[in-house]
Amino acid sequence: MAERDSAEITPWHVYASRRSFLAGIGAMVASALLPACLGRDSQVTQESDFCKSARANAAGDELGARLTSCEDITSYNNFYEFSFEKHDVASLAADFKTSPWTVAVGGLVERSNTYSVDDLIGKFPQEERVYRMRCVEGWSMVVPWLGFPLSSLLQEVRPTTGARYVRFEGLLDPAQMPGQRTRSFDWPYVEGLRLDEAMHPLTILATGLYGQPLPPQDGAPVRLVAPWKYGFKSIKSIVKIDLVEEMPVTFWMAASPTEYGFYANVNPDVPHPRWSQASERRIGELARRETLPFNGYGSEVAHLYAGMDLRKFF
Ligand code: MTE
């Protein structure tokens, strides 16, 4: 992991002051995730204010792939609370109010607590982590996140012995989120991890990307990133984290249980019922590339699933 734990690149007070600055300017059916392989990515010609200040320590991932452009990461988004159209999310989310914001951490823990995002950023050093993100729809990106290990937060609240899973809940606010005014889905967005997955050093809570606080369309002010899983596990705009005993029913499991499982580990050998998962298109590139088991993180995470039939536990 050492190569991903690159140095803390933004002192938190600088980070926090930028956050408040940014705050100032600041009938889809169940089977809605579609293979967006004909995507209109890379069509953005005007550089956004966010991307004018983009910076990253790394030029690419540890496999030698270049970072996806800031413009693509911030204009090609899945965030159904705002829109089902990837290119509409950024404009519809532009005025999303992400400050003040709190994350309530509770359930089966000794020390439940409600943290402001500034608490989280102040308490846990922010690191740059360059991760591949593979969407279940068949496209992928390489993203320079800023964030901190979820394990740091969980260690602080001290899960009790009965805690086996972590349940994450996104914001429910139909007044701000037009997608939540449709009844196609059961809002809010919910995700979950097994406790050992949540404690894994690759799993982070991201608070920024390209050296700056997350823009709304990418899940401001705090989202999950578990890079060996399909992108839909990376729940955006989290308000609640609970340690629980039972496996949570996630947003996509509820929407389409035959298509989306709890584990959702990237697996080129298990096709989605409606399309293959053997290859993917890196946003910004034309040719497809092979999809790697566990999205290329197998040496670090495969042991978590020893003895499990990964076809059954998809
Ligand atoms: N989180 C919430 N709250 N709502 C969503 O619609 N979409 C998921 C995930 N997290 C989603 C979400 C999906 S399907 C993907 S691929 C990623 O976010 C996309 O992240 P990005 O837009 O930052 O690339």
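Predicted, not measured: the structure shown is a model, and the values here were computed from it. Indexing begins at 1, ligand by ligand and atom by atom, following the structure's order.
Around atom 8 (C) of ligand 1, the closest heavy atom drawn from Tyr189, Phe79, Tyr80 belongs to Tyr189. Across Gln217, Glu81, Arg134, Lys236, heavy-atom proximity to atom 22 (O) of ligand 1 is greatest for Lys236. When the options Met133, Met177, Arg223 are ranked by their closest heavy atom to atom 23 (O) of ligand 1, first place goes to Arg223.
Using a 4.0 Å cut-off to heavy atoms of Cys135, the atoms of ligand 1 that qualify are 16 (S). In the vicinity of Ser234, heavy-atom distances shorter than 4.0 Å reach the ligand 1 atoms 9 (C), 10 (N), 12 (C), 18 (O). For ligand 1, the atoms sitting less than 4.0 Å from at least one non-hydrogen atom of Asp218 are 21 (P), 23 (O), numbered in the order shown with element in parentheses. Close approach of ligand 1 to Asn77 (heavy-atom distance below 4.0 Å) involves ligand atoms 21 (P), 22 (O), 23 (O). Those atoms of ligand 1 that come under 4.0 Å of a heavy atom in Ile235, given as number and element, are 1 (N), 10 (N).
Trp275 is listed as a side-chain neighbour of Gln277, based on a closest heavy-atom distance under 4.5 Å.
A donor-acceptor contact shorter than 3.5 Å links the side chain of Asn295 to the backbone of Pro227. The backbone N or O of Glu197 lies less than 3.5 Å from a partner atom in the side chain of Thr203, making a donor-acceptor pair.
Ligand 1 has no atom lying under 4.0 Å from any heavy atom of Gly170.
In this structure, CG on Leu63 lies 9.0 Å from CZ on Arg289, to the nearest 0.5 angstrom.
A cation-pi contact, defined as under 6.0 Å to the ring centre and within 45° of the axis, is absent between Lys236 and Phe168.
In terms of polar-atom proximity, Asn78 is counted as a contact of ligand 1, with an N or O under 3.5 Å from an N or O of the ligand.
Between Glu137 and Arg281 there is no salt bridge, since no side-chain N of the basic residue sits under 4.0 Å from a carboxylate O of the acidic one.
For Arg164, the CZ atom sits in a loose shell: 12 or fewer heavy atoms of surrounding residues, nucleotides or ligands are nearer than 6.0 Å.
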